[in-house]
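Fair warning: this is a prediction, and the values are worked out from it, not measured in the lab. Proteins get letters first, then strands, A, B, ... in listed order; numbering begins at 1 in each.
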Amino acid sequence: MIKLINVTREFQGKGKALDDVSFHIKKGEFAFLTGHSGSGKTTALRLIHMADRPTEGETRVSGFSSDRTSRREVWKLRRRVGFVFQDFRLLPGRTAHENVAFALEVTGARSAGIKARAQRLLTQVGLAPKAGSMATELSGGEQQRVAIARALANEPLVLLADEPTGNLDDRATRGIMELFWELNALGMSVLMATHDLELVRKHPRARVLELDQGKLVYDSMKAATAESATTDEAEASTAGG
Amino acid sequence: MHTLREAILAFRRSPLLTGLSAAMVGLALFVVGLFALATHNLRLALESVEERIEIVAYIRNSARNDEILLARRELLALPEVLGVELITKEEALEIARRDLPEFGELFTDLAVNPLPASLEVQLRPGRRDPETVERVAARARLYPFIEDVQFGREWVDKLFTLRRIGGLTASVMGAAFAMVAALIIGAAVRIAVFARREEIMIMKLVGARDGFIRRPFLVEGAITGLLGGLMALALTYGTFWVVFRYLFSVAWIPAEWAGLGLLSGTVFGVFATGLAVRKYLREV
Ligand SMILES: Nc1ncnc2c1ncn2[C@@H]1O[C@H](COP(=O)(O)OP(=O)(O)OP(=O)(O)O)[C@@H](O)[C@H]1O
Ligand SMILES: [Mg+2]
């Protein structure tokens, strides 16, 4: 689903935000991307949905390679990948329902089914009763649910989330996490960036990838296999090619 | 369909912003319009003065009629010559009597007509520069029966210099005004697009195609440019009318200029919008 192959992203004069990072997240996996502020989490997510390109290496996301997908074709990838931000990014002048319908309209869905589909998506995230409320009148947790419903509009196979609970209290955070697990249970891969290690610890079933100063320093799956079979490092570095 | 609906919706959602940017475009183009009005009228004035440039070839009394007519035909055949008029001795006297009444008695009491006949040569517009005038004058001087050729050399030189300075000033100032207008329009459009950058980025994020996102903005840019252009035209016309009515007689700018102004306002509105939108399309 998501594959980073020796990815480096260097910013002119600022050094490497990502340094030779490789990992592979398979279909239906739930993974956390953790690390201190500035460790490169956002950069990694931007590379994955191709808002940005690697300086070296390659990203592959549901069949789209960063080497072969031109700027003009990025929209195809975007329809396979949902994206959720820390600050929700809803359109302020519109209702919850309109915000979701908007995503359906601009991706060229037939207008006849849009209303019903937007309503169904809001039901899926547990927000059907608030469909008519203005985005700005909703609580943070509710706004994030609208954002998730919007991200689901294209029925993506991958959900990317950048600190989605960063602005939420414990209760709302729990609700959003439950929703992510529900979506994951339906077969969606989830990759969520967070610096909240306590939150990560509460979800032991999820895979954990840790970045530190742009380097991948921990992968719970690798750690598990290393413990059981003591695999050598060489395999990991050649597996990408 | 979506394009048009979205463009109209954008106006309805933020009429103030759209109105404001159209007003900015309008004022920017108004300055250009005023400049065009001034330039056009100055040019007309200069042209009307230039029309008076003529070469007068005085004919000896001994000249034969057929010689004169042949010379007239030959001069008329020159490409830079617009017309050649023969003023006979009698006509010259007539004109002198009319134009110089203070000498009236002097001219009526004459036994012989002292005034020579002449050929008055008019040059085509655009060919009234000093070199051409010289050349045609020299050509006329070649006829043996021509006594003298006059054309107010100093006057021709001055006028030509004035014209060159005018043309250069107009080009430089016109370019400067157009550039300032372009910058202002660009800024106005950027502000309007900036206000909706979130929308652009969200559309891009959920997988809208660039063209689909851009189109309503381009239509809006065209409408803003057109509205601004119309406003500038109205303001310029208002100024023209007030000057014409209360100050002095001026000419309205040629229709092509007005059309060109509207067109460039519209085209530039579209162009600037495209640039502004592209910036946000590239961000995500
Ligand atoms: N567009 C950019 N231009 C220059 N440097 C950048 C850019 N984007 C990110 N960086 C740098 O890359 C590094 C990693 O940034 P990134 O945003 O990926 O960190 P992060 O792990 O998401 O941090 P946080 O937890 O604070 O969100 C930082 O040092 C940052 O300054
Ligand atoms: Mg970040």
inquiry  = Report which part of B/Arg196 has an atom under 4.5 Å of a heavy atom belonging to chain A: side chain, backbone, both, or neither.
reply    = neither
query = Which heavy atom of A/Thr107 sits nearest a heavy atom of B/Val206, and at what distance?
reply = CG2-O, 3.1 Å
task = Kindly check if the number of other-residue, nucleotide or ligand heavy atoms within 6.0 Å of CZ (A/Phe85) is above 12?
result = yes
query = Taking atom CZ of A/Phe11 as the centre, does the number of heavy atoms from other residues, nucleotides or ligands within less than 6.0 Å exceed 12?
reply = yes
task = For A/Gln119, look at atom CD and say whether over 12 heavy atoms of other residues, nucleotides or ligands are found less than 6.0 Å away.
result = yes
query = NE2 of B/His40: more than 12 outside heavy atoms within 6.0 angstrom?
reply = yes
request  = Assess whether atom CZ of B/Arg278 is packed by more than 12 heavy atoms of other residues, nucleotides or ligands within 6.0 Å.
outcome  = no
message = Just checking B/Phe160: does its CZ atom have more than 12 heavy atoms from other residues, nucleotides or ligands closer to it than 6.0 angstrom?
response = yes
message = Quick one, B/Arg209 and A/Arg72 - any side-chain contact, counting heavy atoms below 4.5 Å?
response = no
ask   = Any idea which heavy atoms bring A/Val106 and B/Phe212 closest together, and the distance?
value = CA-CE2, 3.3 Å
query = Is the number of heavy atoms from other residues, nucleotides or ligands within 6.0 Å of CZ (B/Arg164) greater than 12?
reply = no
request  = Go through the steps for A/Arg94 and B/Glu199 under the test salt bridge (charged side-chain N to carboxylate O under 4.0 Å, His left out), then give the verdict.
outcome  = CA-CA 11 Å; A/Arg94 310 193 195 203; B/Glu199 219 173 299; 3.4 Å; yes
task = Flag the one option from A/Leu91, A/Asp52, A/Val81, A/Leu104 with the top tally of heavy-atom pairs under 4.5 Å to chain B.
result = A/Leu91
request  = Counting only heavy atoms closer than 4.5 Å, note whether A/Ala103 contacts chain B via side chain, backbone, both or neither.
outcome  = both
query = Taking every heavy-atom pair that is under 4.5 Å apart, which of A/Glu105, A/Met50, A/Arg79 has the most such pairs with chain B?
reply = A/Arg79
B/Ala208 backbone acceptor or donor facing A/Arg78 side chain under 3.5 Å = no
inquiry  = Is the shortest side-chain heavy-atom distance between A/Arg150 and B/Ile202 below 4.5 Å?
reply    = yes
ask   = Should A/Phe102 and B/Met203 count as side-chain neighbours, where that means a heavy-atom distance under 4.5 Å?
value = yes
task = Output, in order, the C-alpha distance, side-chain angles, deciding distance and verdict of side chain to side chain contact (heavy atoms under 4.5 Å, CB included) for A/His49 and B/Leu205.
result = CA-CA 9 Å; A/His49 79 128; B/Leu205 202 72; 3.1 Å; yes
